[in-house]
Protein chains: 2
Amino acid sequence: MLDLSNIISAMKLTTKEEDYLETIYLLSRDTDKVALTDIARERGVTLPTVFSALSRLKRNGMVTQPHYGKIALSSDGEKLGAEIFGTHRIIRRFLDEVLQLPADVAEATACRMEHGITIEAVKRLEMLINIMRNCDGKNAGCLMEYKERLHP
Amino acid sequence: MLDLSNIISAMKLTTKEEDYLETIYLLSRDTDKVALTDIARERGVTLPTVFSALSRLKRNGMVTQPHYGKIALSSDGEKLGAEIFGTHRIIRRFLDEVLQLPADVAEATACRMEHGITIEAVKRLEMLINIMRNCDGKNAGCLMEYKERLHP
DNA sequence: AAATAATATTAGATAAATCTAACATTGTCA
DNA sequence: TGACAATGTTAGATTTATCTAATATTATTT
């Protein structure tokens with residue numbers, strides 16, 4: 001059977017394009033249509049930078065925008081944005097809940113590591129986190145020992 | 001106390017500069033002096049690309065090169081190269097030995113993920129790998145369960 | 001509705017990272 | 001040792017990603 005999600009994943013955006021798409025994805029969960037100013041503020045760049053990044057995302061069919069108007073995600077953009085953010089969440093959880101890094105460090109590091117990991121690796125990472133977090137049984141052992149060694 | 005390793009780490013190279021430095025570090029373990037051609041072959045780019053990358057690494061004080069001569073790592077380049085490669089090895093071990101990804105996928109993914117992880121996170125990741133790999137005791141439990149769920 | 005504020009766009013500059021094509025230097029070997 | 005091959009350098013183009021300054025459009029507010 002034809003699996004579109006692989007096609008979407010295979011569309012290789014640059015690291016920065018992925019970052020902008022993720023930002024737009026997050027902003028559009030609140031507002032649906034996203035203003036360039038909000039993207040600029042969120043990513044800490046100037047408006048012309050956002051503008052030119054968006055022209056590349058438009059060319060890739062990830063977003064649409066009427067002249068002088070606000071940004072909307074295409075259905076591809078929606079899917080890929082969700083995928084990128086999903087990856088971000090799993091990596092952040094691993095850094096935070098397993099490696100016990102401070103929340104802000106985990107967040108910042110996840111931003112940098114989320115690019116270039118395969119879907120398969122993300123799935124496995126999630127599986128591992130879930131097994132280790134299941135603290136009822138024996139499997140919490142290594143996480144316990146890790147925490148003990150971390151703060152003796 | 002003054003810790004120079006942090007100063008070296010703090011020198012922020014671009015992702016690509018780090019990649020070239022790592023390649024040079026690996027090549028110079030065999031030959032000491034490294035030819036541009038070898039770097040180009042290893043990284044799959046053309047000679048002029050290597051040349052211009054090297055001019056940036058020279059500017060950053062990571063490598064030295066006499067006119068029409070071969071590349072040598074500076075002591076900073078040596079230290080940072082070792083650090084980058086060390087990070088690469090730990091991430092690859094995690095992907096390979098823990099997540100059980102195929103060796104080639106683990107290698108390729110490590111190349112992409114190794115940038116932007118902090119030294120602290122790498123240390124913790126190594127600690128976790130070592131605890132999980134210690135298969136004598138109870139701590140292997142979660143790795144066992146992970147493997148079982150992976151290949152039921 | 002006109003003035004002002006906010007937002008989006010264009011123009012033009014810079015740096016990184018790549019390429020091809022042309023040229024220079026060094027090394028090898030017949 | 002001189003020709004040819006290998007290696008390194010320069011020149012010039014392209015794309016991404018960023019900036020500042022100037023301009024255009026839309027929204028708000030008096």
message: Tell me the interatomic distance from B:Glu17, atom CD, to C:dA15, atom C1', rounded to whole angstroms.
response: 11 Å

task: Round to a whole Å and report the spacing from CG of B:Leu21 to P of C:dA16.
output: 16 Å

task: With DNA chain D as reference, determine whether A:Arg56 or B:Gln65 sits nearer its 5' end, using the nearest nucleotide of each.
output: B:Gln65

task: Using a cut-off of strictly less than 4.0 Å between a heavy atom of the residue and any atom of DNA chain D, enumerate the qualifying residues of residues 39-50 of chain B by number.
output: B:Leu47, B:Pro48

statement: Of B:Met132, B:Arg93, B:Lys147, the one forming a side chain to side chain contact (heavy atoms under 4.5 Å, CB included) with B:Val98 is B:Met132

task: Would you indicate, yes or no, if C:dA8 has its OP1 or OP2 atom less than 4.0 angstrom from a side-chain nitrogen or oxygen of A:Thr37?
output: yes

message: Nearest heavy atom decides the nucleotide; on that basis, is A:Asp38 or B:His67 closer to the 5' end of DNA chain C?
response: A:Asp38

task: Salt-bridge test for B:Arg41 and B:Asp38: reply yes if a basic N is under 4.0 Å from a carboxylate O, no otherwise.
output: yes

- request: Would you mind reading off the distance between A:Leu36 atom CG and D:dT25 atom P, rounded to a whole angstrom?
  value: 16 Å

Gap between atoms CZ and P, on A:Phe51 and D:dT18 respectively (whole Å): 16 Å

query: Please give, in whole Å, the distance from C:dA17 P to B:Glu18 CD?
result: 11 Å

message: What is the distance, to the nearest angstrom, from the NZ atom on A:Lys33 to the C1' atom on C:dA8?
response: 16 Å

- prompt: Under the 3.5 angstrom rule, does the side chain of A:Arg124 hit a backbone N or O of B:Gln100 as a donor-acceptor pair?
  reply: yes

message: Using a 6.0 Å cut-off, check whether atom NZ of B:Lys58 has over 12 heavy atoms from anything other than its own residue.
response: yes

- prompt: Roughly, in whole Å, what's the span from OH in B:Tyr20 to C1' in C:dA16?
  reply: 11 Å

query: Do A:Ser52 and A:Ser55 have a side chain donor and acceptor closer than 3.5 Å?
result: no

task: Check every strand shown and say whether B:Ala53 touches a base, only sugar-phosphate, or nothing at a heavy-atom separation below 4.0 Å.
output: nothing

field: Any A:Arg59 side-chain nitrogen or oxygen under 4.0 Å from OP1 or OP2 of D:dT15
entry: no

message: Please list all pairs meeting ring-ring contact (aromatic ring centres under 6.0 Å, His included) that have one or both residues in residues 91-132 of chain B, counting only residues at least two apart or in different chains.
response: A:Phe94-B:Phe94

- line: The residue, A:Tyr68 or A:Thr14, whose nearest nucleotide of DNA chain D is more 5′ is A:Thr14

message: Quick one, B:Tyr20 with B:Thr49, criterion side chain to side chain contact (heavy atoms under 4.5 Å, CB included). Give me CA distance, side-chain angles, the key distance, then yes/no.
response: CA-CA 11 Å; B:Tyr20 283 106; B:Thr49 299; 3.4 Å; yes

task: Round to the nearest Å and state the distance from B:Leu54 atom CG to C:dA16 atom C1'.
output: 14 Å

field: Any A:Lys16 side-chain nitrogen or oxygen under 4.0 Å from OP1 or OP2 of D:dT18
entry: yes

